[in-house]
Amino acid sequence: MSYLDELNDSQRQAVQHIHGPSMVIAGAGSGKTRVLTYRIAHLIKNGVDPFSILSLTFTNKAAKEMKERIATVVGYSEARNIWMGTFHSVFARILRFEADKLGYPKNFTIYDTQDSKSLLKSIIKEMGLDDKIYKPNVVFGRISSAKNNLISPREYLDNKDVKISDEASGKPKLGEVYFAYADRCFKAGAMDFDDLLYKTNVLFRDHPESLHAYQHKFKYLLVDEYQDTNYAQYLIVRKLAAVNENLCVVGDDAQSIYSFRGANIQNILNFKKDYPDYVLFKLEQNYRSTQTIVEAANSVISKNKDQIQKNVWTSNPEGEPIKLLRANTDNEEGRMVAQSIFESKMQEQLKESAFAILYRTNAQSRSMEEALRKMNIPYKIFGGLSFYQRKEIKDLLAYFRLICNPKDEEALKRVINYPARGIGQTTIDKIILTAREKQKAPWEVILEPAENALPINKGTAAKLSEFVTFIQRFHHSLAITSAYDLAFEVAQSAGILKELYTDKTPEGVARYENLQELLNGVKDFSEQRKDLGTDDRLDDFLMDVALLTDADQVGDEEDFVSLMTIHAAKGLEFPYVYIVGLEENLFPSQLSLSNRSDLEEERRLFYVALTRAEKQATISMANTRYRWGNLTYCEPSRFIDEIDKNYVKFPPNWDRQLSDVSDLGFGNTGAGAWKSFGGKESKEPNSYKTKEQASVPSRTPAGIPKNLKRIPSSADSSEYASADGVALGMDVEHARFGKGKVVKLEGASPDTKATIFFPGSGKKVLLLKFAKLKVLPDTA
DNA sequence: TGCCCGGGTGTTTTT
DNA sequence: CACCCGGGCA
């Protein structure tokens, strides 16, 4: 069995351990993917039916690549039958099979974030709430974390603690909004991203026969990036694995970077509690990077308290020291990086694809982009506004969605009057209102306007009926027409193509080309499906498209420098990596500075960034940077100081002091800042201690199936954390203003603002994270 | 009904 | 700075 020879001892042991629960802690670059693929190949070689293997990956692209690699060992006809994909896509597929059990149509729509927020916006408006207080973004985040923690709208409404904290944050109606949102999604036959996990849990809870079937179907489970699973995902895995317990999870606690979307590092730390007889494998040899990079990364991550002990090492050459670049402005930073890429490329005779530029926030891509463009260096930006989020694409997709699932409210709103067909806002409002009164989907209302007493005149009725007929015509050919033929005809006859074709502005031309590209995409899909002999339907295409990730963008053979956020770079590797914007308040992000666990996550993020590099890592910063319009002064990130100096090469201009940067209010820097920060943390109202204490009892110890009720913890929403320390009506003491009373709280933590009345100095609005408030015992 | 302008608001990170 | 929204006007 030759493939086993390609593994080192611990890798081989992990691959050969087939039965029972196991956990693989895989350091960065330690051949994790290799272990996963060979483990699956090994299973199949040992007679396991590919249909009974479920492998959950972090991106669909990773799944595709793994399948291809497995196919080289066991053949494509076997490999193609493995269930492999992201949590979201695998369970979307399962939910499609089981939709009727949950009262959903098989063709349910998947709402993306835009759809969800737009729906929330209209609900907030309809309920007569102020969208300055009930900000769709905030409300969405809140609902999302409720779902990730499996709290239903009902439970949310009934939970006293939630109510108290929502009232304290000035949003007592949040529960009702959540309730209405869930109801509207259901009536629209739509699930949002979180629903795909949430509803899977509901399915497994309410339909034991279904759970039973999948438990027995999937005899072997593999989960990649286990450190980034949230509670809903954790519970799905736990339930599916409950019968056979052939579960192998792979991850690295040092690379957990998704807690903001509910990922819980405790899942990896508590694996041994859930599966006491588990076997642990540690992959510690790094095959990716130079010794310098490995050691530098180790020196950084060692500053974190929460971690599993491991010793990542490499036998690779020592390599070049980490290079530092310091620019005066963000634009100059871009030029320096581009220049450096150009020089390395020339000196080492490299392709552009050897380089990646990684940043903390998407906004940083602009200065990099400009510099690269000026130097004629080809590049590609991953992330940001993705192709599928462009207006023209969403418009056409909305037609597809509506044809597949006419109840889709967001799709209907998008296209009912685009291109303009004389159905105005007033009519749309009436339709929505009537739908709400009749407890129906808007589509059902316009299907039978008279029966539903929709108050419209004859002309409007005629236009509506024309629209209905138009959609229905295509709906009926869904089952008999190939995806591409249908898509093209829709684009044509809806008039979208014509509308954009006549627009000769550069933007208009670009939009038209984008539509062509989308149609080409459908064509590829259709042809693939024909080759495979599987269903070639437009609704299948939609299901695929809804869950594509930026990382799934086809990596054609073109040569370009990759630009992306560090989050998006997870799992990737490049010979030369530039990590830019290493400045306090940017990286680490300003929002992470007030508690230890958030800061540790930023450090892990930096660790991930460093360990993407194979040959050399370069770190850059700018002394000044434009941030939302105005110039700000920047100080070097504390993370730079945390790298062992033996591995860093400082440029001559490094220590040059800027005379006028002395005080930014709270801008400390360097190791000193770290210490003083550490020393002060216990006085912080948002102290991490509060957060951790709150989260301990919240973890359902055994994750017992029936138990969907989870006490919301600080992890559910950042707002709890602030409510913990400071609440409405509380007596507090401020270092400068003295004693006062909290009269108003607004905004979500960590940006919670408190209005406090100080008898001595009047009303002050303070940001909780900066105001070191001391809570006084209730004097009443 | 549609376009233009001004003001307000907001930035981590993503399926 | 960039986007979105609402109001005012044609």
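None of the values given here were measured: they were computed from a predicted structure. Reminder, nothing fancy here: chain letters follow the sequence lines and each chain counts from 1.
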Let me know the distance between CD of Glu584(A) and C1' of dT12(B), rounded to the nearest Å.
15 Å
Quick one: Ile381(A) CD1 to dT14(B) P, roughly how many Å, whole number?
13 Å
Is Asp539(A) paired with Arg96(A) through a side-chain N to carboxylate O contact shorter than 4.0 Å?
yes
Does the pair Glu333(A)/Arg625(A) count as a salt bridge with the N-to-O cut at 4.0 Å?
yes
Pairs under 3.5 Å (N/O, protein and nucleotides 6-10 of chain B):
from    : atom 1 : to        : atom 2 : distance (Å)
dG10(B) : OP1    : Lys135(A) : NZ     : 2.7

For Glu600(A) and Lys303(A), what are the C-alpha separation, side-chain angles and deciding distance, and is it a salt bridge (Lys or Arg N to Asp or Glu O under 4.0 Å)?
CA-CA 8 Å; Glu600(A) 290 204 350; Lys303(A) 307 282 191 296; over 6 Å; no
Using whole Å, what does the distance between atom C1' of nucleotide dT14(B) and atom CG of Leu358(A) come to?
16 Å
Do Met191(A) and Tyr111(A) come close enough that some side-chain heavy atom pair is under 4.5 Å?
no
Which part of the nucleic acid, if any, lies within reach of Phe193(A) when heavy atoms closer than 4.0 Å are counted: base, sugar-phosphate only, or nothing?
base
Nucleotide dT15(B), atom C1' - distance to CZ of Phe87(A) in whole Å
12 Å
Under 4.0 Å, heavy atoms only, any strand: does Thr113(A) hit a base, just the sugar-phosphate, or nothing?
base
Within a strict 4.5 Å, meaning less than it, do heavy atoms of the Ile496(A) and Pro419(A) side chains meet?
yes
Measure distances between side-chain N and O atoms of Arg360(A) and base N and O atoms of dT13(B), and say whether any donor-acceptor pair falls under 3.5 Å.
yes
Can you tell me how far C1' in dT13(B) sits from the matching atom in dC4(C), rounded to whole Å?
22 Å
Start and end of chain A contact along DNA chain C [non-hydrogen atoms, under 4.0 Å]
dC1(C) to dC5(C)
Pair Glu642(A) + Arg638(A): basic N to acidic O under 4.0 Å
no
Looking only at side-chain N and O atoms, does Asn362(A) come under 4.0 Å of OP1 or OP2 in dT11(B)?
no
Residue Leu591(A), side-chain heavy atoms: nucleotide from dT13(B), dT15(B), dT11(B) that is nearest
dT11(B)
Around atom CD of Glu126(A), are there more than 12 heavy atoms of other residues, nucleotides or ligands at under 6.0 Å?
yes
Which whole-number value in Å describes the distance from Phe140(A) CZ to dT14(B) C1'?
10 Å
So, for Leu95(A) and Leu196(A), which heavy atoms are closest and what is the spacing to 0.1 Å?
CD1-O, 3.4 Å
Taking everything shown except Tyr626(A) itself, do over 12 heavy atoms lie less than 6.0 Å from its OH?
no
Interatomic distance where CG belongs to Leu197(A) and P belongs to dT14(B) [whole Å]:
18 Å
Length of the line joining Ile579(A):CD1 and dT12(B):P, which is rounded to integer Å:
21 Å
Before accepting this row, confirm whether a basic side-chain N of the pair Asp112(A)/Lys394(A) lies closer than 4.0 Å to the acidic partner's carboxylate O.
yes
Which nucleotide wins on minimum distance to the side chain of Thr565(A), given the candidates dT13(B), dT11(B), dT12(B)?
dT13(B)
Which pairs, protein N/O on one side and nucleotides 1-4 of chain B N/O on the other, fall under 3.5 Å?
none

Less than 5.5 Å between centroids and less than 30° between ring planes, does Phe260(A) satisfy that with dT14(B)?
no
Taking the six-membered ring of Tyr258(A), is NZ or CZ of Arg261(A) closer than 6.0 Å to its centre and within 45° of its axis?
yes
What nucleic acid atoms does Glu602(A) come within less than 4.0 Å of, heavy atoms only: base, sugar-phosphate, or nothing?
base
Looking only at non-hydrogen atoms, find the nearest pair between Ala92(A) and Leu547(A) and report the distance.
CB-CD1, 3.7 Å
Provide, to the nearest angstrom, the distance between the CD1 atom belonging to Ile566(A) and the C1' atom belonging to dT13(B).
9 Å
